[in-house]
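Read the numbers this way: they start at 1 and go in the same order the structure lists the ligands and their atoms.
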Amino acid sequence: MNDSIRRVKLVMLISLVSFIGAAAILGASMNSGWAQTAPPPADHPEITVHGRKYTPRSILERNMGTPEDQTTQFPPHKIIGNLYYVGTRTLSSFLIVTPQGNILVNSTYERNVPTIEKSVEQLGFKFSDIKILLGTHAHNDHQEGDALVKQLTGAQTMAMAEDVPALQAMKPGGKEHPIDKTLHDGETVTLGGTTLTAHLTPGHTHGCTTWTMKAQEDGKMYDVVIGCSLRPPATLTPEVIAEFNHTFPVVRSLACDVPLGDHPAQYSMQEKYSKLQKGAPNPFIDRAGCRNEADIEEAMFHALLGEQQKAGGH
Ligand SMILES: [Zn+2]
């Protein structure tokens with residue numbers, strides 16, 4: 001073997017090693033993004049809802065996108081009335097603006113907080129005007145940044161009682177998870193004339209919280225639903241089964257004109273955003289789409305339950 005061939009082989013070996021290293025790092029970062037579901041969910045059962053096929057894995061991929069999607073700013077925009085989107089491509093963060101200060105729903109990952117801050121400022125608001133910080137559920141892709149947001153804004157943090165233990169276990173960089181007030185099913189949070197109602201919709205987590213509020217546009221009032229994830233875990237325990245059996249009828253019963261969710265794909269944000277034009281009807285007003293996510297996840301829940309029962313599980 002002459003020197004140049006040996007050198008080429010060495011270069012190839014080094015590239016292979018660094019490729020494997022990069023793949024391992026990517027795998028690890030994806031796993032941390034999907035912390036609630038390690039190992040990744042199965043590619044079965046497959047269900048078809050409203051003409052589209054889904055598996056547990058495809059739903060998770062739809063929700064999370066790539067690691068880059070999770071951390072890349074999506075253009076901040078007005079959704080309706082005093083409600084704005086300030087999240088990334090695949091992790092929702094909502095800003096509610098009132099004369100007495102603002103409310104933020106979902107801080108997402110701690111590393112996304114500067115991106116959320118940038119989005120808030122690009123819309124012409126001050127990050128320091130956030131007075132209340134809320135969340136949809138105690139997973140790190142939605143609420144890991146709470147401690148940092150609290151540190152930067154002094155906002156009061158509120159959480160559904162059933163999610164408190166999971167939130168307390170979330171300590172990025174060793175920081176205590178801030179919980180200033182514990183909420184219970186049906187409690188309301190009011191600031192500057194806007195009231196949000198916290199609906200306990202457990203299953204995905206024990207304290208999964210669906211928020212509802214009214215927004216005004218062109219003299220009309222609209223019911224907004226900020227949905228918590230309804231994605232079932234791989235293993236359905238009797239407790240989780242009971243939770244989902246409570247949750248699906250609850251979310252279906254909520255008055256809804258504007259469906260939103262903690263992952264933008266749950267309400268087809270990208271498609272709706274691309275339809276935003278001055279003078280055209282607001283694409284986020286989508287009564288026909290209000291039950292879409294419940295339809296998908298409830299079908300998946302029953303398919304998983306069937307599979308589990310067949311396998312002799314719970
Ligand atoms: Zn989650």
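- For residue H142, no N/O/S atom approaches the Zn ion (ligand 1) to within less than 2.8 Å.
- Looking at R62, H142, E293 one by one, the single match for side-chain hydrogen bond (donor to acceptor under 3.5 Å, both in side chains) with H263 turns out to be H142.
- In terms of distance to the Zn ion (ligand 1), the nearest N, O or S atom of H139 is named ND1.
- In this structure, a donor-acceptor pair under 3.5 Å is absent between the side chains of D262 and S92.
- Atom NE2 is the N/O/S atom of H204 found closest to the Zn ion (ligand 1).
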Compile the donor-acceptor pairs under 3.5 Å between side chains in residues 267-275 and protein atoms, sequence neighbours left out, one pair per line.
| residue | atom | partner | partner atom | Å |
| --- | --- | --- | --- | --- |
| K272 | NZ | Y267 | O | 3.1 |
| K272 | NZ | D286 | OD2 | 2.8 |
| S274 | OG | E271 | O | 2.7 |

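- Side-chain contacts under 4.5 Å among hydrophobic residues (ILVMFWY), followed directly or transitively, place V149 together with Y84, V86, L95, V97, L104, V113, I116, V120, L123, F125, F127, I130, L133, L148, L152.
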